[in-house]
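One structure is given below, encoded as structure tokens.
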Amino acid sequence: MRRHRPVMLNEVIDMLQIKERATIVDGTVGHGGHAAEMLRKAGPHGRLIAFDWDESMIARASELLDNIPGSKNFVHADYRRIPEILDGIGIDKVDAVLLDFGVNLEHFDDVERGFSFQGDAPLDMRMDRSAKETAAAWLGRATEKEIVRVLREYGGERHAGLIAREIVRRRKEGKMRRTSDLVAAVESAVPPRLREKRIHPATRTFQAIRIQVNRELDELQSAIEGIAMRLSGGGRMVTLSYHSGEDAAAKNAFRELAKSGKFQVLTKTPLRPSEGEIDENPSSRSAKLRAIERIHIQENHS
Ligand SMILES: C[S@@+](CC[C@H](N)C(=O)[O-])C[C@H]1O[C@@H](n2cnc3c(N)ncnc32)[C@H](O)[C@@H]1O
């Protein structure tokens with residue numbers, strides 16, 4: 001299995017300005033690369049609350065983070081539940097939050113999970129394996145119109161209509177259960193000239209269906225706003241997005257928060273990875289980093 005390389009690590013750490021004894025939330029801990037560095041900055045009296053909705057990631061992260069001093073809580077949950085979970089463990093305010101959206105390379109490497117169009121496996125695609133609906137189940141019940149919308153909106157797929165029609169035709173024959181069934185449907189639907197392109201013609205379809213199955217963009221903007229409200233004065237939050245939908249949610253959330261006068265957006269335009277990083281880690285290429293700070297309001301005791 002490839003170890004996921006933390007994207008824009010230096011930029012994330014510079015931006016978060018974590019101080020000794022800080023309380024940190026990593027909403028998407030993955031393999032724990034960012035979390036390890038954040039925890040080091042907070043020192044032995046720091047505290048990390050790490051979330052991931054994929055239990056196998058929590059196991060990987062705790063392996064790495066166990067050796068780093070500081071207090072740690074690992075929570076198997078959707079980061080959209082951060083405020084409620086902080087309430088449950090009696091934490092009001094936190095000093096730094098990171099949301100590094102999307103998937104881990106390990107998700108693609110583990111063919112059995114159905115995220116990859118390479119290899120053949122059941123069409124699962126659930127990030128949280130305790131969730132009910134798999135990709136096969138969704139593709140089995142969605143209308144053609146819904147499939148078109150998802151492929152367009154979440155995948156930016158130009159041939160959404162052709163692909164959705166082919167999916168619906170094949171599922172009637174019971175041929176929409178495995179990743180190879182979905183690849184075959186896309187390949188036969190798209191114009192032949194696209195079949196030899198460098199980017200596999202099923203890339204966008206797989207991405208779109210994954211986002212739908214996991215409801216990755218649902219209520220994302222309001223969740224980001226709710227999480228930022230838990231920052232202490234001077235506390236900072238960083239988002240790393242790889243998809244235009246995630247980036248728009250972060251951008252709009254930060255803009256709304258700034259309107260309240262209690263927050264300051266630190267990134268007028270998102271930061272991007274350096275060319276060196278993209279060369280070393282091509283999967284960082286689409287990353288966009290945004291950051292916000294909760295303004296420290298001086299108490300007036302006079
Ligand atoms: C890009 S990886 C994070 C990598 C991590 N920063 C590191 O350094 O290893 C994204 C992680 O977020 C998790 N994730 C995605 N959406 C989530 C959500 N809504 N709630 C909780 N975890 C989520 C995924 O399971 C994945 O492990």
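Below, each value reflects all heavy atoms present in this structure, side chains not excepted, and no hydrogens, waters or symmetry copies. Atoms within each ligand, like the ligands themselves, are counted from 1 in listed order.
Looking only at distances, a side-chain donor or acceptor of His34 sits under 3.5 Å from a matching main-chain atom of Val7.
Between the CG atom in Leu266 and the CD atom in Glu293 there is a gap of 5.5 Å [rounded to 0.5 Å]. Rounded to the nearest 0.5 angstrom, Lys262 NZ and Ile295 CD1 are separated by 10.5 Å.
In this structure, ligand 1 sits under 4.0 Å from heavy atoms belonging to His4, Pro6, Gly27, Thr28, Val29, Gly30, His31, Gly32, Gly33, His34, Asp52, Trp53, Asp54, Met57, Ala77, Asp78, Tyr79, Arg80, Asp100, Phe101, Gly102, Val103, Asn104, His107.
Residues passing the ring pair (Phe, Tyr, Trp, His ring centres under 6.0 Å) test with Phe206 are Phe117, sequence neighbours excluded.
The number of heavy atoms from other shown groups lying within 6.0 Å of CD (Glu173) is above 12. Other residues, nucleotides and ligands place no more than 12 heavy atoms under 6.0 Å from the CZ atom of Arg165.
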